[in-house]
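Naming: A, B, ... by sequence-line order, numbering from 1 per chain.
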Number of protein chains: 2
Amino acid sequence: MTGGELVAAAKERMDPFWSVTRSQVYRELPGLAEAGYVRPGKLGPRAAQPYAITAAGKRAFRNWLTEAAGADHSRNPLVLRIGFGAHHAPGAVKQLVDDARTRHQEALAASRARVAQLKKEGGDSFLVATAEFGIAYERALLRWLDTVPTG
Amino acid sequence: MTGGELVAAAKERMDPFWSVTRSQVYRELPGLAEAGYVRPGKLGPRAAQPYAITAAGKRAFRNWLTEAAGADHSRNPLVLRIGFGAHHAPGAVKQLVDDARTRHQEALAASRARVAQLKKEGGDSFLVATAEFGIAYERALLRWLDTVPTG
DNA sequence: AAGGCCATGTAACAAGTTACATGATTAA
DNA sequence: TTAATCATGTAACTTGTTACATGGCCTT
């Protein structure tokens, strides 16, 4: 795959709980090739450089998989601002909450659609589980939003 | 406050949904002083440099508060690994899930304790809400863990 | 075949992490 | 009073973001 294809595949697979940017991917690929984990193929249109994973790359991946998972890491600007609610102008918190509700309702719908699609395709049950994580997260957030004081 | 005090206060206030490191804080403080948002006080023991916020600093803070909240950003290495469950050795997913359950049960207990403490202190209801976000998140994650296929 | 559009890749920058050096405080 | 511990701050490095340049594709 090329850098762009990898980014698209990663987003498709990980969207609610992980992210990568194109620049990260493009930066890493030459290093991975150097290390022998991927092998560059011949250039396509637009100077697109495809790579194929090598046997060593697969080994390294499996190795990485077994490493302990490490703590998760959240950055939630909405909750951060709500925590300073006492410093807000009147009505500002309600505004924040309403906007967030709209956005997360959309995200919830997207997660549900993704689960439905994966199930229809008869896909890997672990992938379905990660998509269901998206639903669980969005539902929890929406329910929490309903409890935030908006005064 | 000094850099160390600021880090401690930030962790106390934001722990489940935001984080800062000491290095970030120490790096920013001289710049904020330069910009007139904080004023350095006299050095304490261990060359500790305290800062006080200025009127301009408070204005800048209120300004920042009203900015739109931006999307939240999660990095969850556990869900990431589970998504690749099909590539794991047998039993490995169960191991991951069991470890995670322990850790998140502890985190849930910590969140609950924090809510109880804030309520006892009669604190700011917005702060209580952010602590309750921690509970909601941990509960959702734990319930989701119970649905993950461990075969 | 010309112009707008989208995908590829690069480069400069900002934010986040890790490892280190130093100076008080505490305890043996 | 010496050694261990802990808090302060710094510096080097890694990761993540934003802004940019270029080149095929697709429509008209």
Original post:
B:Glu28 CD to C:dT17 P: how many Å, rounded?
Top reply: 14 Å

**OP:** Provide, to the nearest angstrom, the distance between the CD atom belonging to B:Gln24 and the C1' atom belonging to D:dT8.
**Re:** 17 Å

**OP:** Measure from NZ or CZ of B:Arg13 to the centre of the six-membered ring of B:Trp18 and say whether it is under 6.0 Å with the direction within 45° of the ring axis.
**Re:** no

Original post:
Charged N to carboxylate O under 4.0 angstrom, B:Asp146 versus B:Arg101?
Top reply: yes

**OP:** Verify side-chain hydrogen bond (donor to acceptor under 3.5 Å, both in side chains) between A:Tyr137 and B:Asn76, making sure each step is shown before the conclusion.
**Re:** CA-CA 12 Å; A:Tyr137 175 75; B:Asn76 196 319; over 6 Å; no

**OP:** Apply side-chain hydrogen bond (donor to acceptor under 3.5 Å, both in side chains) to the pair A:Arg139 and A:Ser111, showing each step before the final yes or no.
**Re:** CA-CA 10 Å; A:Arg139 275 178 45 100; A:Ser111 286; over 6 Å; no

**OP:** Rounded off to whole Å, could you give me the CG-to-P distance for the A:Leu32 and D:dT15 pair?
**Re:** 11 Å

**OP:** List in chain and number order the residues that pass salt bridge (charged side-chain N to carboxylate O under 4.0 Å, His left out) with A:Glu121, two or more places apart in sequence or in another chain; answer none if no residue qualifies.
**Re:** none

**OP:** Specify the separation, in whole Å, of atom NZ of A:Lys11 and atom P of D:dG16.
**Re:** 16 Å

Original post:
According to a 4.5 Å side-chain heavy-atom criterion applied to Ile, Leu, Val, Met, Phe, Trp and Tyr, with indirect links allowed, do A:Ile53 and A:Tyr51 form part of one hydrophobic cluster?
Top reply: no

Subject >> Reading 5' to 3' through nucleotides 3-14 of chain C, protein heavy-atom contacts under 4.0 Å coded B for base, S for sugar-phosphate only, - for none >> reply: ----SBBBB---

